[in-house]
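Here is the structure we will look at, set down as C-alpha cells.
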Amino acid sequence: MRQDVASINRSVFNAYVSEPGLLDEVFNENNLVKDHYRKVFTQFSRYSTDDLNKINEYAKLSFFNQGVTFAVYSENLKGIERIFPFDFFPRIIPNKEWEKLEKGLLQRTLAINLFLEDIYHDKKILKDGVVPAELIFSSNFYNREMININPAGGVYAHVSGTDLIKHSDGEYYVLEDNIRCPSGVSYVLSNREAMKRTLSNLFLSHQVLPVQDYPEQLLAIIQSVAPDGIDNPNCVVLSPGMYNSAYYEHSFLAQSMGIPLVEGRDLFVDRNFVYMKTIYGPERVDVIYRRVDDDFIDPLSFRADSVLGVPGIMGAYREGNVSLLNAPGTGAADDKAVYTYIPAIIKYYLGEDPILNNVHTYHCESDGDFRYVLEHMQNLVIKPVDESGGYGVFIGSKASKEELAQYKRIITANRRKYIAQPIMSLSVHPTYIEENGCFEHRHIDLRTYCLMGKKKQFVLKGGLTRVALTKGSLIVNSSQGGGSKDTWVLE
Amino acid sequence: MLSRIANSLFWMGRYLERAEHTARYARVHYCSSLDAPLVQKKEFVMESSLNLSGLLYEYKKAHGTLEDEKVLYTITLQESNPLSIRACVNSARENARGARDSLSSELWESINRFYHYVNNYSEADLNDKGIYNFTDKVVENCAIVNGYVHKSLIHNEVWSFIHLGMHLERANQITRILIAKTNDMGKAATQKLGKVVENYQCVTLLKSAEAFDMSRTYYKAVPNYHDSLEFLILNNDFPRSICYNLTRMGRYLDRINHSKLQEKDSLEFTVGKICATLHYLTIQEIEGDVLIFLNNMLLSINKIGELIEKKYLNY
C-alpha cells in the first residue's frame with residue numbers, strides 16, 4: 001500500500017518496489033508520497049496502462065516529427081537518428097532545495113572563472129601550492145595559446161553544465177563540472193514543450209518556474225562579451241555541422257536566438273578579423289558561441305587536420321577582434337583531477353566555504369591514494385580524467401574478477417589518467433517502463449546550466465534530469481541508453 | 001544570409017520539385033497505360049518513365065528486360081539510385097536540415113514528416129498497394145510543404161531562394177517532359193498509329209504537368225499536340241509553363257539583387273533576355289523543329305542554374 005487515498009487505481013504502481021539503501025525522490029522511507037509529489041502522483045495513479053501508453057506514444061511522435069533527435073556515430077556516414085527517450089513523470093524540486101543549488105552553482109562558476117584567469121596569467125594559486133602546478137601543466141586541456149590573453153569581461157566559462165546527483169544521505173553532490181561545450185539544454189526546453197502538450201492539466205495545479213527564457217538569456221550573455229567598441233555585435237553559433245550528434249541543439253539554439261548557425265567553412269579570417277561568407281559578400285563576425293571543441297577550432301594553432309575550424313581564428317581572438325564562448329582552454333578546470341581541488345579553489349578566491357558538496361576523490365597519481373584504490377577497487381568508480389560521455393568508466397561493484405585484474409593493469413600503466421571515487425548511490429525516481437506497462441524506479445542525475453557574462457549571470461531553473469533506463473544502471477548518458485525527464489522547480 | 005544556407009535552400013526547392021514531377025509522371029503514365037489503346041504497350045510506358053529521369057541506360061545495363069515491379073522500384077524507392085523519389089526526398093530533407101535555423105518549425109516539420117513517410121514505405125508496400133498510393137502521397141506531401149513555404153515564411157531572401165530552386169527545377173522538368181513526349185509521339189508517328197494515339201499522348205502529357213483540366217478550360221477543345229505545346233511553353237498565366245516559371249525567376253532574382261546595374265551576360269540579364277524572347281514567340285515559330293527548340297531551352301535553363309551558383313551560392 002502506497003497511498004492513503006482509497007479510491008485511486010494503483011495498478012500502474014503495483015510493481016513498484018523500493019529498495020533499501022536507495023533514496024527515492026517520490027516516496028519517503030515509510031513508502032508514503034512526499035508532499036511536493038502528491039498531486040502528480042494522484043493523477044498518474046488514476047491512469048490505466050492504456051492511458052499511459054497513449055501518453056507515451058503521443059509524446060514520442062511529437063519529438064520525432066519535430067526532429068528532436070541525436071545521431072549515434074555508426075559505420076554509416078549518415079549516422080543513425082534516435083529520439084532521446086523522454087519520460088513523462090516529471091522530477092520536482094522544491095523551491096527551498098533549489099535556492100541553495102542555485103547559490104552553490106553561481107559560487108562554483110565564479111570561482112572557476114577566477115581560477116582560469118589566474119592559471120593563464122600570474123598562476124598565484126599554483127605558486128601558493130594550493131593546487132599542484134604539475135597537475136595543471138600536464139593536463140591535455142591546459143592551452144598555452146591562452147597565456148596572457150584577456151577575454152572580454154574577464155569571463156572564460158560562459159556556459160557551464162554542472163552535473164549533480166542526490167546521494168542516499170539526501171544531499172546533492174557535484175559529480176563533474178562541464179565547462180567546455182556542455183550540451184543538452186535544448187532537451188530541457190523540448191521536454192517542457194512535450195510535457196505541456198501531453199499533460200497540460202498537471203500544470204494547472206502547480207506553479208512551475210519557466211525554462212523558456214534560456215535562449216534570450218544566452219543571447220544577452222553572448223552580446224555582453226562582444227569586443228569593446230562594438231554596439232550592435234554580429235553574433236553566430238558555430239557548429240561542426242549536421243552530422244554532429246548535437247546538431248539539433250545547435251540549430252535549435254540559433255533559431256530560437258534568431259542568430260545565424262554557421263560552420264567552419266562559412267567563416268574565414270582576414271587581417272585578424274573574422275568574416276562570414278554571405279550571398280552579398282563577406283560580413284564581419286564579432287562573437288562566436290562555438291560548439292566545436294578546442295582541438296578543432298583553429299587548424300593553424302591546434303589540430304592541422306581539422307576541417308571543422310577556421311584557420312587563423314586564434315589570431316583574431318588574441319587581438320581581441322572576436323569573442324569566443326566558451327574561451328579555449330577552459331578544459332583545464334573541468335578535468336576530473338582538478339575537480340577534487342574545487343573546494344580549495346572556492347576558498348582561495350572567494351574566502352567562502354563551498355555551498356555544494358564534492359565527492360571525495362582519490363588520485364591514482366598520488367602513491368597513498370593509488371594504494372587505497374588498488375585495495376578497494378570493488379567499492380569504487382574509476383574514471384579516466386579526460387573522457388566524457390561515460391566512456392571508459394569502471395564500476396567496481398559490477399566487475400568480474402577478470403575485468404578487475406584487467407582494469408588494474410590499465411590504470412597502473414597510466415596513473416595520471418585515472419581518478420577513483422566511492423560509489424555514490426544516485427537517487428531513484430519512478431519512470432514509465434514501456435515494455436512492462438508500469439512505473440519502476442530508475443537512477444537519475446541532474447545537469448544544470450549556469451551562464452556567466454560581463455556583469456550578468458543566470459541559472460536555468462531546473463535543468464536536465466537524466467535517467468538511466470537500464471534497470472540498476474548508473475550511467476545516464478544519452479549515447480549509452482539514457483533518457484530524460486522534465487524538471488520542475490516549484491515557486 | 002550565408003551562401004551555404006542559400007545553397008541548401010535552393011537545392012531543397014529543387015529536390016522537392018523533382019520528387020513531385022517524377023512521382024506524377026510515373027503515376028500518370030502507369031495508370032493511363034492500364035486502359036490505353038491496344039498498341040500502347042506497357043513496355044513503351046516504362047521506357048518513357050525511365051527516360052524522363054534519365055535512367056533508361058542505367059536500368060537496361062542492370063536488368064536488361066523491362067519488368068513492371070523492377071522499373072517502378074527503381075524510380076520510386078531505390079536509394080542507390082540518386083534520382084529516385086526517395087533519394088530526392090532524402091536530399092531535400094538533408095538540405096532543409098542544413099538550413100534548419102532559417103526555416104519555420106511548421107515548414108521543417110512538414111518536410112521531416114514527408115521524409116519519414118517515404119522512408120517507412122517498403123518495397124513490399126509498393127508491390128502490395130501499387131504505384132498509385134505511393135505517388136499520390138508524394139504529390140500530396142509536396143503540396144503541404146509548398147503551402148508552408150508560402151504561408152509560414154517571411155517573403156525575403158530565404159523564401160526567394162527556395163522558390164528560385166523550385167521554379168528552375170519545374171522549368172527543367174516541364175522541358176524534359178515535353179522532350180520525352182515529343183520523342184514518344186515521333187515513335188508513334190513512324191508506326192502510323194493515327195489520331196487516337198496522338199490524343200492519348202497529349203492527355204498524358206498534360207496530366208503529367210498537372211495541366212489537363214486547365215488546358216481544356218482554356219482551349220475548349222479535345223487536346224491536340226499544337227495546343228498542348230503552346231500551353232506548356234508559352235502561356236504566361238499558367239504556373240506550369242516554361243515561360244511562367246522563367247518570368248517568376250526573373251522576379252525573385254530582382255528581389256534578391258541589390259545592385260541596380262545590369263551587366264551584359266549577368267544572371268539577371270540572361271534570364272530577362274530568355275523571358276523577353278518567350279513573351280514574343282509564337283508556337284508556329286517553334287513547331288518547325290520542336291526538339292531543337294526544347295533542347296536549347298534545357299541548355300539555357302542549366303546555364304541559369306550555373307549563373308545563380310556562381311553569383312550567390314559558392315562558399
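What you see below is based on every heavy atom in this structure, not just the backbone, and it leaves out hydrogens, waters and symmetry mates. Convention: sequence-line order gives letters A, B, ...; per-chain numbering from 1.
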Exercise for the section: Specify which of B/Lys311, B/Glu109, B/Glu157 makes the most heavy-atom pairs with chain A at under 4.5 Å. Expected result: B/Glu109
Practice task
Return the minimal non-hydrogen interatomic distance between B/Leu103 and A/Gln255, and the atom names on each side.
Solution key: O-NE2, 3.3 Å
Problem - Which atoms of A/Val262 approach chain B - backbone, side chain, both or neither, heavy atom under 4.5 Å - result: both
Handout entry: Short side-chain to backbone donor-acceptor contact, A/Tyr247 and B/Arg97, under 3.5 Å
Key = yes
Problem - Contact leader toward chain A among B/Ala6, B/Ser105, B/Ser102, B/Gly98, where contacts are heavy-atom pairs under 4.5 Å - result: B/Gly98
Practice task
Answer yes or no: are there more than 12 heavy-atom neighbours, outside B/Leu299 itself, under 6.0 Å from its atom CG?
Solution key: yes
Practice task
For the residue pair A/Lys277 and B/Leu2, establish whether any side-chain heavy-atom pair is separated by less than 4.5 Å.
Solution key: no
Practice task
Starting at CD1 of A/Ile279, measure out to NE2 of B/His258 and round the result to the nearest 0.5 Å.
Solution key: 7.0 Å
Completion exercise
Counting heavy-atom pairs under 4.5 Å with chain A, the top scorer among B/Asn257, B/Asn112, B/Asn314 is B/Asn112
Fill in the blank from the handout: Looking only at A/Arg265, A/Glu283, A/Met276, A/His250, the option with the highest number of non-hydrogen pairs under 4.5 Å against chain B is A/Arg265
Handout entry: Over 12 foreign heavy atoms within 6.0 Å of CZ, B/Phe269
Key = yes
Exercise for the section: Taking B/Asp101 for its side chain and A/Leu261 for its backbone only, find out whether a donor-acceptor pair lies under 3.5 Å. Expected result: yes
Fill in the blank from the handout: Bottom line for B/Leu313: the part with an atom under 4.5 Å from chain A's heavy atoms is neither
Practice task
Return the orientation label for the B/Tyr312 and A/Tyr280 ring planes: parallel under 30°, perpendicular over 60°, tilted otherwise.
Solution key: perpendicular
Handout entry: NZ (A/Lys54) with more than 12 external heavy atoms under 6.0 Å
Key = no
Problem - Part of A/Leu253 lying under 4.5 Å from any heavy atom of chain B - result: neither
Practice task
Show your reasoning for whether side chain to side chain contact (heavy atoms under 4.5 Å, CB included) applies to B/Met1 and A/Thr278.
Solution key: CA-CA 5 Å; B/Met1 177 172 34; A/Thr278 79; 5.8 Å; no
Exercise for the section: For the residue pair A/Met242 and B/Arg100, establish whether any side-chain heavy-atom pair is separated by less than 4.5 Å. Expected result: no
